[in-house]
Every structure is written in structure tokens, then in C-alpha cells.
Amino acid sequence: MQRELSEQEIVRRDALKKIKDLGINPYPADLFPVDVTAKDIHENYERDKLSYKSICIAGRLMGTRVMGKASFSEIQDSTGRIQVYVNRDEICPGDDKTLYNDVYKKLLDIGDIIGIKGYVFTTQVGEITIHATELVLLTKSLRPIPIVKTDKDGNIHDGFNDPETRYRQRYVDLIVNPHVKDAFIKRTQLTNSMRNYLNNKGYMEVETPILQPIYGGAAARPFKTHHNTLDMPLYLRIANELYLKRLIVGGFDGVYEFAKDFRNEGMSRFHNPEFTQMELYVAYKDYEWMMNLVEEMVEKIAMDIHGKTEVQVGENVINFQRPWKRFTMYGAIEHFAGIDVSEMTEAEMKATAEKLGVEVDETMGRGKLIDEIFGEFCEPKLIQPTFITDYPVEMSPLAKKHREKEGLVERFEAICNGKEICNAFSELNDPIDQRERFEEQIELGKRGDEEAMVLDEDFLRAIEYGMPPTAGLGIGIDRLSMIMTNSNSIQDVLFFPQMRAQKKEKALVLNDDEKAIVAYLKSNKTMEIGAAKDAIQSTTEISNKKWDKGLKTLREMGVISIAKNAEGQAEITLIEA
RNA sequence: GACUUGUUAGCUCAGCUGGUAGAGCACAUCCCUUUUAAGGAUGGGGUCCUGGGUUCGAACCCCAGACAAGUCACCA
């Protein structure tokens, strides 16, 4: 079914046809020998003018100012924008001025991708500009793009701001909003910096299954799918922890993976159903060692992206310079909520939580209660990067019991700007303890905790062979990207954030009137339109308006066709499915 | 999932107390040989998110729904 075109789209399709009629291929196949970028010219032309006597550049046409026989256009390539000067008699040296008068002035539109050959000069007003000697259409654009204008003072006019359209059509967002592109460049700098750091330490980047028969390594609800040939359920991973640990068992001393994980849970400006974590496991290390690594690595990332350790995030300046503050979890609760929970039983804890106004329910164990109190009273106050250490054992079924403190595990999280950015343990490698912890999780699951972990027999078998003492880390790449790019929403650091499908179901569902029309036409495949209307209205209560509307809908859906017969009468034909 | 706000031209947005749908940019035609949010003149362009209802009459009021954003809940 052909979409209805807007006036401007029709104009562009007409232009496309005229271009073809002139013998110009609007989508040429041969390469265009680009040898310079806009950024390169802006940065280097002034001090090396001789190198820009003959250049070749390509980009998207973003604006044109025509003044009779001369004009200025702006093109945008991957590095930015640059002005192009086009003179009629220079790109059309002979008598035939078609290329300038028709093609350039009329048939090219904003959004088209063009190639320019020429030389660089500076205009009277002082703008570095390409003087075009040759102009080639490289791709015709058939849809008008939003025109965002910036004035002398840097004010943006007619900005392309609607978040829904920006996220659904990210390609448009990237074309017209340069700062958007910038955030994604920084995100890649972040992962490059982290990868370099880890490679320099000698750790190996690996890949582990995304489709898993048993999901594990975190507490979350999974996406479930099905493999047809094996005829078995599979889950999209919620974490890759248990697979990376199997590799430590297998004899690798340091492995890491940038992993897309999937969690079937609520969405918010901090949560997308698929997100990226970097998980790292290093043998013969502990969580104290891992804390030092995190500080060093994140400080380096900030330096690599910003050239300094301070990063502006909203109203705060966050400083990643080592060393970061450290609190134990009990210490943080005592510091921020003024309560010592370290000796409390589950019942006392529940009473305390209720007194503090934290919502509690039957499924919450002692660990979850502590976490709720921490989340409510401590986490939002931790703006500068801070390590929280020594979590209760109940909420950390994969972490090793604390070497000294009863009831705790060797675990830390780094909190920054009020949000967790990483989570790490001295990994539990005692297979008997691990089995008991899984069994406790199963109990929690029976109490109704939907996120309790399930038991992974193969993982237990692996660590029964013996996993060396290991430090493990998971670091949220999206959250860290948000901080490093001063983004308020996870959608601003994901190219294509998850959105609800926007298709209208209307397309396939007939209403009663339309059903009545179809039912009638079933016995009379083709009939004259007026006769059909009279016949249907004699048996059913369909107003003229609803009849018209019904016909229109049915035709759009391809259920019926309307055509003129030999006598010039309009006839309806029912199209068989 | 709850609440609040929003959805009008390709884009950004006005639209009063319910009375024929508006602007700027973009687009079209014309003028203009160093402009730059270029300028001047003229013109075309609408499923006012969808479906019901109230009304002589609905972009506007009422009901239901879709989508989005924000806040909360959930997400250790």
C-alpha cells in the first residue's frame, strides 16, 4: 500500500525524475574520491593554504543562499559543516547553464548528498569557503529534513526537539543535532579507553552465550524465547558472570566481555530492556585489589574523554581523581540515616524500615531490607564517586563471605551521581557454600521474590573442579556513559532506545460497518457502487457518511478495489485474500 | 502500573468564551555575482493523534483509547 505523499515529497520525486531525464544518475555507483574533511579545512587551511588548492569533498547539503548567478551552500560531512561557493559561469563554462540554473538551483534540495571539487578561499566576510569548480549529485534525498538554524549568538532556532521523533528517527536527530553525535562519540571513546586499559593489563576479551538455557549471574526477570530445532526454551542473558567464571576455572587468569544484557523489567530514564555491561574476572585477586583497579580505570577514562578528572553532570562537578571515598554499607547507613543496623535481626530490621517510612512486604529478607534503607537514605546523597563495601550475605549469593565480618560478603559498589555504576566481589569459589546460597535463593523464590536466582548445576560442577580465588567486576557502560556525557536519560546514550511500536492496529481490524459491507460483497463480487450502497442500506443501518468512510478504509486496506467499467460507472470489486 | 503534561502544515509553535485553520522556517514561481538565522515579491500546503458523545455548530467541552515525556512505583 502506497503511503500518501506530502506536497514536498512529491516535489522531490518530481525533481528526481527531471534529474534522470537530464541524464544524471541520482544514485551513482562509482566511488567519489574524497580527500579532505570539513574539520581538516577549518583547522589547517590558514597555516597551510597551498595544500588546499585542489580538494575533493562530499557531504549533505544543509542550506543554500542563492544570489542570482552566484550562491553559497553549506555542506555537512561526518566532521562538521563547511560553506561552498558556487558561481554559475565556473561550474557551467560553456553556453549550457543547465547544471547551475536547473540542477543546482531547482532540482537539488536540502538533505541531498553532493560531491564538490574545487579550492579553498576566504570570503570578504572572512569565512573559510570552498570555491566549487565541479559539483556532482551523489544521492537524492526524497524527504525534507528539519531545518535547524543557529544565529550569530549561537541561539538555536526551530530546533528538532521532540523526543519521540528524535528517538524513533535517530538518523534525523544525528543529522541535524550535532551535540547528539558528540555524546555517541564520547561513548565510543569510553569503551575504547576501557578496552585499551584492560588489554594493556593483559586481560583477554572473550565472547560468551547470549542465548542461555539457564539465566543467572544477577537478580532479574529474563526474556524467554524458544529454539525450534532443539525444541527447548532459551533465555536472553541477564548477565554473563557465570560463563566468565567457567573460563577462570578453565585456566584463563583474566577475562572480560562487553556484554549486551537483557532484563524484562520496567523502563525509565535509567533502564532500557537491553543494556551494556563490562564484566571482568581476574584470578588470584580480591575485592580490595579490584577497587583500586576501578578507581584507576575510571580516572583514566575521564582523562581520555575530557582531558581532566572533573566532569560536569547536571548541576554537579564530579571528580574522578583517586582515591575515592569509601564507606561500608553499615557505615553509610549509620552516617546518612543515623541508625546502626549491623546487629539487628530480620524482625528488628523490618520494624526499623517501617519506622523510617520504607515500604516493606513479606518477600523481603534481611538483605533486601538493608538494601531498601540504603537505597532510600544513602544512595541519592552520594554524588562524588564513592565505594560502598561489605554487603549483607543475603543479597549477594555469588560473593565470598567476608574474611573477618560475620554475615557480610566481600562486595563493593561504586556509587556516582546517586546511582550505582559498578558492582564487584571477591568471587565465591567454595562450591558447597555456593550450592547453599543457591538453595537460599530458591527459598526466596518460593516466598515470591520473582528475581531470585535459579540453580545452575553446570556452574556448580565447574567450580567443584576448583576456581582460583578471583575478583570480579560488572560495570554499567550506559550509566557511566550518561555521567561522562552529562546526559539526563539513558536514551541519550543509546542510538536506538526501546520504544513501543507505533503502528496502528486499525490496519487489520474491520469495524461492524466494514464487516457488513464485506459480507454483502462476498455474494456479489463486483457491482456498481450506487447499487451496492442502496442494497446494503436497505438491509443494514449504515449512514452515507459511514458508508463513505467504510469504503475508503477498505480500499486503503486493499480489501476492495474501485474502478470504472466500460460504461463509465464506478464498480466495487472484492479482492480475495 | 499510577499520576501529571503533551500530540495542530515537512520542522518549531500560536490558536481567546465552542462560530470558515494561523505564524516563522521549509516548499513553489520570480528578482539578485562574496552571502551567512542572506534579502525582496507572490503562492501552495492540514486525518487539528484515534474513536465515540454533547451541540445548530467541536482543534477547543465530555467519555474511551493510542503514543510520548516527566514524577513516582518497579528495577538489590
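In what follows, chains are A, B, ... by sequence order, proteins preceding strands, each numbered from 1. From a predicted model like this one, the values you see are computed outputs, not experimental measurements.
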Exercise for review: Output all residues satisfying ring pair (Phe, Tyr, Trp, His ring centres under 6.0 Å) with A:Y235, sequence neighbours left out; order by chain, then residue number.
Suggested key: A:Y215
Point to revise | salt bridge (Lys or Arg N to Asp or Glu O under 4.0 Å) against A:R170, all qualifying residues, sequence neighbours excluded | key: A:D173
Exercise for review: Taking atom C1' in both B:G51 and B:G10, compute the distance separating them and give it to the nearest angstrom.
Suggested key: 27 Å
Check your understanding: Does A:F412 have any ring pair (Phe, Tyr, Trp, His ring centres under 6.0 Å) partners at least two apart in sequence or in another chain, and if so, which?
Key -> A:F387
Review point. Does A:F327 have any ring pair (Phe, Tyr, Trp, His ring centres under 6.0 Å) partners at least two apart in sequence or in another chain, and if so, which?
Key: A:H335, A:F336
Exercise for review: By nearest nucleotide on RNA chain B, pick out whichever of A:E413 and A:E74 is the more 5' one.
Suggested key: A:E74
Practice item. Quickly work out the A:R168 CZ to B:A66 P distance and round it to whole Å. Key: 14 Å
Practice item. Please say which of A:D96, A:D102, A:N101 ends up in a side-chain hydrogen bond (donor to acceptor under 3.5 Å, both in side chains) with A:T98. Key: A:D96
Check your understanding: Below 4.0 angstrom from OP1 or OP2 of B:U36, is there any side-chain N or O of A:K152?
Key -> no
Check your understanding: Any idea which heavy atoms bring A:T64 and A:S73 closest together, and the distance?
Key -> OG1-OG, 3.1 Å
Revision key, fill the gap. Rounded to whole Å, the CE-C1' distance (A:M62 to B:U36) equals 15 Å
Exercise for review: Measure the distance from CD on A:E127 to P on B:A38 and round it to the nearest whole Å.
Suggested key: 11 Å
Practice item. Taking atom P in both B:U12 and B:A59, compute the distance separating them and give it to the nearest angstrom. Key: 23 Å
**Study point:** Sugar-phosphate only, base, or nothing, as touched by A:V148 at under 4.0 Å among non-hydrogen atoms
**Key:** nothing
Exercise for review: Look at all strands and tell whether A:Q491 reaches a base, only sugar-phosphate, or nothing, counting heavy atoms closer than 4.0 Å.
Suggested key: sugar-phosphate
Practice item. Can you tell me, in whole Å, how much space there is between the C1' of B:U33 and that of B:G43? Key: 27 Å
Check your understanding: What does A:Q124 touch in the nucleic acid at a heavy-atom separation under 4.0 angstrom: a base, only the sugar-phosphate, or nothing?
Key -> base
Revision key, fill the gap. Heavy atoms of A:K181 and A:D77 approach each other most closely as NZ-O, 4.2 Å
Check your understanding: According to the Watson-Crick and G-U wobble definitions, with both distances under 3.5 Å, which nucleotide is paired to B:U34?
Key -> none
Point to revise | Whole angstrom value for the distance that separates P of B:U33 from CZ of A:F72 | key: 12 Å
Study note, to complete from the structure: Its contact letters, B for base, S for sugar-phosphate only and - for none at protein heavy atoms under 4.0 Å, make nucleotides 23-29 of chain B read -BSBSS-
**Study point:** C1' gap between B:G45 and B:A23, integer Å
**Key:** 14 Å
Practice item. Rounded off to whole Å, could you give me the CG-to-C1' distance for the A:N101 and B:C32 pair? Key: 13 Å
Practice item. With C1' as the reference atom in both, quote the distance from B:G24 to B:A9 in angstrom, rounded to an integer. Key: 12 Å
Exercise for review: Specify the separation, in whole Å, of atom CD1 of A:I128 and atom P of B:U36.
Suggested key: 18 Å
Practice item. Between B:G22 and B:G44, how far apart are the C1' atoms? Round to whole Å, please. Key: 15 Å
Check your understanding: Under 4.0 Å: is that the gap between some side-chain N or O of A:R166 and OP1 or OP2 of B:A68?
Key -> no
Practice item. With sequence neighbours excluded, tell me which residues meet salt bridge (Lys or Arg N to Asp or Glu O under 4.0 Å) with A:K117. Key: none
Practice item. Apply ring pair (Phe, Tyr, Trp, His ring centres under 6.0 Å) to A:F374 and list each qualifying residue two or more places apart in sequence or on a separate chain. Key: none
Exercise for review: Look at the side chain of A:M67 and decide which nucleotide, out of B:A68, B:U12, B:U33, has an atom nearest to it.
Suggested key: B:U33
Exercise for review: May I ask which nucleotide in the shown strands pairs with B:A28, Watson-Crick or G-U wobble, both distances under 3.5 Å?
Suggested key: B:U42
Exercise for review: Measure from OH on A:Y171 to C1' on B:G10 and round the result to the nearest Å.
Suggested key: 14 Å
Check your understanding: Heavy-atom contacts under 4.0 Å between residues 80-96 of chain A and RNA chain B, which residues?
Key -> A:Q83, A:Y85, A:N87, A:D89
Check your understanding: C1' atom, B:A58 versus B:C63: distance in rounded Å?
Key -> 15 Å
Using a cutoff of under 3.5 Å, can you pull out all pairs of nitrogen or oxygen atoms linking the protein to nucleotides 1-5 of chain B, with atom names and distances?
none

Practice item. Check side chain to side chain contact (heavy atoms under 4.5 Å, CB included) between A:Q498 and all other residues, then give those that pass, not counting sequence neighbours. Key: A:M267, A:N272, A:P273, A:E274
Exercise for review: For B:U5, give its Watson-Crick or G-U wobble partner with both distances under 3.5 Å, or none.
Suggested key: B:A68
Check your understanding: Is A:K350 salt-bridged to A:E346, going by a charged N under 4.0 Å from an acidic O?
Key -> no
Practice item. Under the side chain to side chain contact (heavy atoms under 4.5 Å, CB included) rule, collect the residues that match up with A:A353, sequence neighbours excluded. Key: A:V358, A:V360, A:L369, A:I373
**Study point:** Any A:R65 side-chain nitrogen or oxygen under 4.0 Å from OP1 or OP2 of B:U35
**Key:** no
Practice item. Mind checking A:R269 for me? I need base, sugar-phosphate or nothing, with any heavy atom below 4.0 Å counting as a touch. Key: sugar-phosphate
Exercise for review: Please identify each residue that fulfils salt bridge (Lys or Arg N to Asp or Glu O under 4.0 Å) with A:R411, with sequence neighbours left out.
Suggested key: A:E413
Revision key, fill the gap. Taken to the nearest whole Å, CZ/A:F121 to P/B:U35 is 10 Å
Practice item. Would you mind classifying the nucleic acid contact of A:T150 as base, sugar-phosphate or nothing, using non-hydrogen atoms under 4.0 angstrom? Key: sugar-phosphate
Check your understanding: For atom C1', what is the distance between B:A26 and B:A37, given to the nearest Å?
Key -> 13 Å
Revision key, fill the gap. Judged by nearest nucleotide, the residue sitting upstream toward the 5' end of RNA chain B, A:Y167 or A:S268, is A:Y167
**Study point:** Geometric cation-pi criterion A:K419 and A:F270, 6.0 Å radius, 45° cone
**Key:** yes
